[in-house]
Amino acid sequence: MAASRFAQTSAEERDKKRMQINSKKTLKANKGAAKIFKDYLQVQGESKNFEEFDNAKLDEMLGRFYMDLRREDGTYYKVNSMETIRHGISRYLKSPPFNRKIDIVKDSLFIESNTCFKAVLAEAKRLGMVEVHHPIISDTDLSLLYTSYNLSIATPRGLFNKVQFDIRMFFCRRGIENMHTMTKNTFRVEIDENTGRKVVTKNLNDFTENCHVNKEASSGIMPEIQGSKYCPVLSFEMYLSKLHPNCDKLWQRPKENITDSESVWYCNLPVGEKKLSTFFSSLSRATNLSRVYSNQSIRVTGASIQSKCTHDSQTMTGAGHLPVQSISEYVLRRVSDTQIIQPLCVNPVPTPRLLIFSRVDRPTIIAGSTTTWETSQIEAAATHSEAQIMECDPTTIKTEPPFTDYDAQLTAYRATMESLVQRTLEAHGRIQQYIYKTPLTYSIPLSKQSINCKVFIKLESEQLTGSFKIRGAFNKLLKLSSAGDVVKHSGIITASSGNHGMACVEAGGTLGIPVTVYCQQGVDEHKKQALLDRGVRVVLHGNDCVEAENEARAAAMREQKEYVSPYNDVDVIAGQGTIGKEILESCPDVDCILVPVGGGGLISGIARYVKQVRPSVEIIGCQPQNSKVMFESVKAGRIMLVESLDTLSEGTAGGVEENSITFPLCAEYVDDWILVDEEEIGKAIIFMLQHHHKVVEGAAGMTLGAYMKNPERFSGKKVVVVACGGNIGIEKLKHLMSSYT
């Protein structure tokens, strides 16, 4: 009975269990380090089996190895890499099957080799071979971050990101250290008795227990920037006002969709520790920064700026008790192949004066004393090429809002967004006598591709001029003509990949407005010929639709004519939004709408209207893999210059105009994205021809292909696919038929 209590574990099984103590990654690192040592021994004519060396022999060979260790290109390893190799060899010897009861790092038996290692380490540090794991956020990246839509206070997620970034920056919070335990009462807003301005301070009872310096003097503050919408205090107060009243946690999950009248922007759920721990790495990717930073980088950036304006003790407290000398190692800049270490510490700030630390795109810190910051300004860019320290009179400091252009853009965007639903309703009444109400057709073959799914196709391919574009064109031109006869005499200029131009020609012909169309070189021949057949003046310019748009806009200014954008115009967007109204009228219980995206006018109009009326409807943007500009822009948090390759979906190809109103609309109201390759587009076009006897163009095929790519995703849902147009050349259609039938 007693014997059965215990397992009979063999030596082999014991070794196997011991090996499982380390992760696969660690085991791989151990073997890699051992291999480097073995390779060295082989070159030296020694036995590769160093596991069998006695301690004296091992100590001798390790010392020589450390001294001679280089990369394959002859350069030194970085300090951290050398440490990894040494510890890897030590673990390798102690692990099965060798089980050497030695530690080559700590044992006095290896004093000679460790002395050699320290000498090599010192040399490597002198050469600047110190690896910075948590670098300071670069000047360019800080500028990108603060101007990014990802830190916009106009959206729940943007406000969440900005406040958390500010808290981590000003109070030097790192990782998930106390972040997940923070409550609404962790910080408080009060009036600074010296300046009369608002400041955010941390409640004293929430300090870490091992903080031994004076808490009142070292707590740090987050100061008000008067006159700016983006001051950290204003953002913090706004954030508190939008939190869910039933959740006490400070960091709550942002709602994905909110209405204009909604006062609560956050869910009754706290953000998890994992999300908090990866906060800045995720934000780095979303904003497309030059590198993926960790939360520690925010801490180091904040601490380094503090150290220029405060005593060492304050910096140590704010930075989690890390000495300033240690922090200075993080300020390591690479200029070409040279490493320059910039010291962080300056002399204590004279109380009656102010210090301004100014650097390109660097947040400016203004300190009025050695223990508090009087204010802080974020500068988009500085004119100085080097860091400067200067004294100035406090009364001369300007507190102009940072990023005033962005302030204006955001104000205009909010006003546009709030009025867009009403504009769409007005557009519907204005244009309905000039356009078709296209059918919403139930597709049996598409529905059968998924379980319990009903798929409907909004056939804008059967719209007047064969495209949805007629809606926006008529709405814009009707509004222009209602303002007087000037536009009928002067005419308009527009830019188009074909469909928008044809729509403007049709609307212009009906209303008596002359039209000039700018197209990029390489525009679809079928669509270009259709324009020429109508007697329209067609101007070819540039290799991309954005180049054509910019030239058309410039020509309109030169000729004093109205320019009608194919997507970057609120009246055009409102016209396209009437499709959303028709979809909800025909299918009020729709779950998901798939919309093609080029410049974003169509999806902006549909999404804004549908989200206002039915917030639960999922809006999915579809783009070709060969031209995914809006997808990459939303992902990056700003409009990107992305190369576009040739695609069957030429109606959605090309870039997005700078400062386009469609970008923030897509960022806020599009729930998900699907990218479609050329084969999937071609097969979808032929699918429509075979199963529905309908001819659709590449952009419509692209949206159908997005559904067909993964129909299981839509199981149990009622789906609407917007087939945006049917203008495709006969030769292209013949080629697709020969390829996919």
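Both backbone and side-chain heavy atoms feed into the values below; hydrogens, waters and symmetry mates do not. Remember, it's a predicted structure, so these values are computed and weren't measured experimentally.
- In this structure, Thr578 contributes its side chain and Gly575 its backbone to a donor-acceptor pair below 3.5 Å.
- To the nearest 0.5 Å, the span separating CD1 on Ile685 from CD on Glu680 amounts to 12.5 Å.
- Heavy-atom minimum distance, Tyr563 versus Ala495: OH-CB, 3.8 Å.
- Of the options Ile583, Ile593, Val421, Ile579, a side chain to side chain contact (heavy atoms under 4.5 Å, CB included) to Val610 is made by Ile593 and by none of the others.
- For the pair Asp677 (side chain) and Gln625 (backbone), a donor-acceptor distance under 3.5 Å is absent.
- For Lys458 (side chain) and Gly580 (main-chain N/O), no donor-acceptor pair under 3.5 Å exists by modelled atom type.
- A side-chain donor-acceptor contact under 3.5 Å links Glu547 to the backbone of Asn543.
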Name each donor-acceptor pair under 3.5 Å that joins a side chain in residues 640-651 to protein atoms two or more places apart or in another chain, with its distance.
from, atom 1, to, atom 2, distance (Å)
Ser644, OG, Ser627, OG, 2.8
Thr647, OG1, Ser649, N, 3.1
Thr647, OG1, Glu678, OE1, 3.4
Thr647, OG1, Glu678, OE2, 2.8
Ser649, OG, Thr652, OG1, 2.6
Glu650, OE1, Lys732, NZ, 3.4
Glu650, OE2, Lys527, NZ, 2.9

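- In this structure, Asp671 contributes its side chain and Ile619 its backbone to a donor-acceptor pair below 3.5 Å.
- In plain terms, the two heavy atoms of Leu594 and Ala706 that are nearest each other are CD2-CB, 4.0 Å.
- Residue Thr703 holds its OG1 atom at 10.0 Å from CD of Gln623, rounded to the nearest 0.5 Å.
- Side chain of Ser235 to main chain of Pro232: no donor-acceptor pair is present (N/O by atom type, distance under 3.5 Å, no hydrogens or angles).
- When each of Lys469, Glu697, Gln463 is tested with Asn499 by the rule side-chain hydrogen bond (donor to acceptor under 3.5 Å, both in side chains), just one qualifies, namely Glu697.
- Note that the CD atom of Gln576 and the CG atom of Asn475 stand 8.5 Å from one another [nearest 0.5 Å].
- Asp141 contributes no side-chain N or O that, together with a main-chain N or O of Leu289, makes up a donor-acceptor pair within less than 3.5 Å.
- Here the shortest heavy-atom pairing between Leu440 and Ser586 reads CD2-CB, 3.7 Å.
- Crowding of Lys635 atom NZ: a count of heavy atoms from other residues, nucleotides or ligands under 6.0 Å not exceeding 12.
- Within the model, atoms CG of Leu425 and CD of Gln612 stand 9.5 Å from one another, a figure rounded to the nearest 0.5 Å.
- No side-chain donor-acceptor contact under 3.5 Å links Gln520 to the backbone of Ala548.
- Arg157 places no side-chain N or O within donor-acceptor distance of the main-chain N or O of Asn150, the cut-off being under 3.5 Å.
- Judged by distance alone, the side chains of His692 and Thr441 never bring a donor and an acceptor atom under 3.5 Å apart.
- Defined by atom type and a distance below 3.5 Å, a donor-acceptor pair is missing between the side-chain atoms of Glu462 and Thr438.
- At a cut-off of 3.5 Å, with distance as the only test, no side-chain donor of Ser467 or Thr465 sits close to an acceptor on the other residue.
- Closest approach of Tyr669 to Ala607, counting heavy atoms only: CB-CB, 3.8 Å.
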Inset, instruction - Determine, step by step, whether Phe165 and Ile137 satisfy the side-chain contact (heavy atoms from CB on, under 4.5 Å) criterion, reporting the C-alpha distance in whole Å, the side-chain angles of both residues, the deciding distance to 0.1 Å, and the verdict. - result: CA-CA 12 Å; Phe165 186 85; Ile137 305 167; 4.0 Å; yes
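- Remark: the backbone N or O of Ile661 is paired with a side-chain donor or acceptor of Asn568 at under 3.5 angstrom.
- Side-chain contact, Glu549 with Tyr567: a donor N or O sits under 3.5 Å from an acceptor N or O.
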Inset, instruction - Please test Glu668 against Lys611 for salt bridge (Lys or Arg N to Asp or Glu O under 4.0 Å), starting from the C-alpha separation and ending with a verdict. - result: CA-CA 10 Å; Glu668 185 163 357; Lys611 288 292 188 181; over 6 Å; no
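- The ring pair (Phe, Tyr, Trp, His ring centres under 6.0 Å) pairs that include a residue from residues 472-498 are Tyr434-Phe474, where partners are two or more places apart or lie in different chains.
- Not counting sequence neighbours, the partners of Lys683 by the salt bridge (Lys or Arg N to Asp or Glu O under 4.0 Å) test are Glu679.
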